[in-house]
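Structure record follows, encoded as structure tokens.
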Amino acid sequence: MDENNEVHTQFFDAYTRALVDRDAAAIADHYAVPALIEFPGERILVTDAEQTKSFFESAFEQYERVTDTDVVVTVAASTGHSIWADVTWKYQGGAPDERNMYQLVRTDAGWKIAVLTPLELG
């Protein structure tokens with residue numbers, strides 16, 4: 001898995017920039033289609049990139065005062081086709097911190113988020 005050692009760092013650096021810039025199109029480009037979002041009590045099947053873009057556009061208000069974020073990425077497991085990354089987001093500017101497990105999958109277009117599951121902060 002040596003070839004994947006830096007994938008998570010490069011991926012989440014670019015993803016963080018897109019989030020801080022509130023660039024919904026760039027954020028959506030980080031997601032596979034289809035993808036699955038496993039919110040507590042709600043499962044969202046993403047079947048179109050526009051769905052992801054619209055979701056993030058509607059969520060930007062809660063991050064309105066965020067100017068930067070500290071991101072801690074821990075790889076829980078990896079294979080040649082998937083990387084499971086436990087990511088803690090510490091927002092600077094007022095939004096509550098978050099922790100998510102992301103399953104990245106290798107696609108023809110590069111690594112993409114296939115599954116996102118919120119986790120408890122801890």
Side-chain angles (χ1 to χ4, degrees):
M1 284 319 328
D2 291 341
E3 67 196 56
N4 293 340
N5 281 345
E6 294 303 314
V7 166
H8 66 282
T9 301
Q10 295 166 1
F11 183 90
F12 284 103
D13 284 352
Y15 188 63
T16 300
R17 279 192 304 279
L19 288 168
V20 171
D21 291 345
R22 292 166 187 79
D23 184 342
I27 295 167
D29 191 47
H30 284 81
Y31 282 80
V33 175
L36 182 62
I37 312 300
E38 284 285 346
F39 287 122
E42 181 181 12
R43 180 172 293 136
I44 301 171
L45 178 61
V46 179
T47 58
D48 183 276
E50 187 61 35
Q51 187 180 355
T52 303
K53 183 177 177 246
S54 295
F55 171 82
F56 279 95
E57 286 173 337
S58 71
F60 285 155
E61 185 177 319
Q62 70 183 359
Y63 302 99
E64 184 176 40
R65 295 180 299 169
V66 172
T67 57
D68 203 359
T69 184
D70 295 319
V71 182
V72 177
V73 180
T74 303
V75 173
S78 66
T79 68
H81 61 82
S82 290
I83 299 170
W84 289 264
D86 182 342
V87 181
T88 301
W89 303 89
K90 295 185 183 246
Y91 298 109
Q92 298 172 18
D97 295 340
E98 298 174 319
R99 181 178 172 215
N100 297 303
M101 179 66 74
Y102 296 87
Q103 181 183 1
L104 306 181
V105 295
R106 187 190 303 258
T107 71
D108 290 342
W111 290 91
K112 304 284 184 178
I113 298 166
V115 181
L116 180 152
T117 305
L119 302 173
E120 297 289 324
L121 282 169

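Keep in mind that what you see is a predicted model, and the values were worked out from it rather than measured. Hydrogens, waters and symmetry mates play no part in the numbers below; they use all other heavy atoms, side chains included.
- Heavy atoms only, all atoms of each residue included: A28 and T52 are closest at CA-CG2, 3.7 Å.
- The salt bridge (charged side-chain N to carboxylate O under 4.0 Å, His left out) analysis of residues 84-101, with sequence neighbours excluded, yields the pairs D86-R99.
- Residues passing the side chain to side chain donor-acceptor pair (under 3.5 Å) test with D70, sequence neighbours excluded: Q92.
- Remark: Q62 engages A59 in a side-chain contact (heavy atoms from CB on, under 4.5 Å) (not counting sequence neighbours).
- For E50, there are no salt bridge (Lys or Arg N to Asp or Glu O under 4.0 Å) partners two or more places apart in sequence or in a different chain.
- With sequence neighbours left out, V75 forms a side-chain contact (heavy atoms from CB on, under 4.5 Å) with H8, S78, I83.
- P118 pairs by the side-chain contact (heavy atoms from CB on, under 4.5 Å) definition with F39, P40, N100, L116, not counting sequence neighbours.
- Under the rule for a side chain to side chain donor-acceptor pair (under 3.5 Å), R65 has no partner lying at least two apart in sequence or in another chain.
- Between Y102 and F11, the ring centre distance reaches or exceeds 6.0 Å.
- Cluster partners of L119 are W84, M101, counting Ile, Leu, Val, Met, Phe, Trp and Tyr whose side-chain heavy atoms approach within less than 4.5 Å, directly or via other members.
- Scored by the side-chain contact (heavy atoms from CB on, under 4.5 Å) test, V71 finds T16, T69, V73, V87, W89 as partners (sequence neighbours excluded).
- The cluster map of Ile, Leu, Val, Met, Phe, Trp and Tyr, joined by side-chain heavy atoms under 4.5 Å apart, puts V115 and I44 in different clusters.
- Counting heavy atoms from C-beta on, the side chains of R106 and V7 never come closer than 4.5 Å.
- Listed by first then second residue, pairs satisfying side chain to side chain donor-acceptor pair (under 3.5 Å) with a partner in residues 22-43 read Y15-Y31, D29-K112, E38-R43, not counting sequence neighbours.
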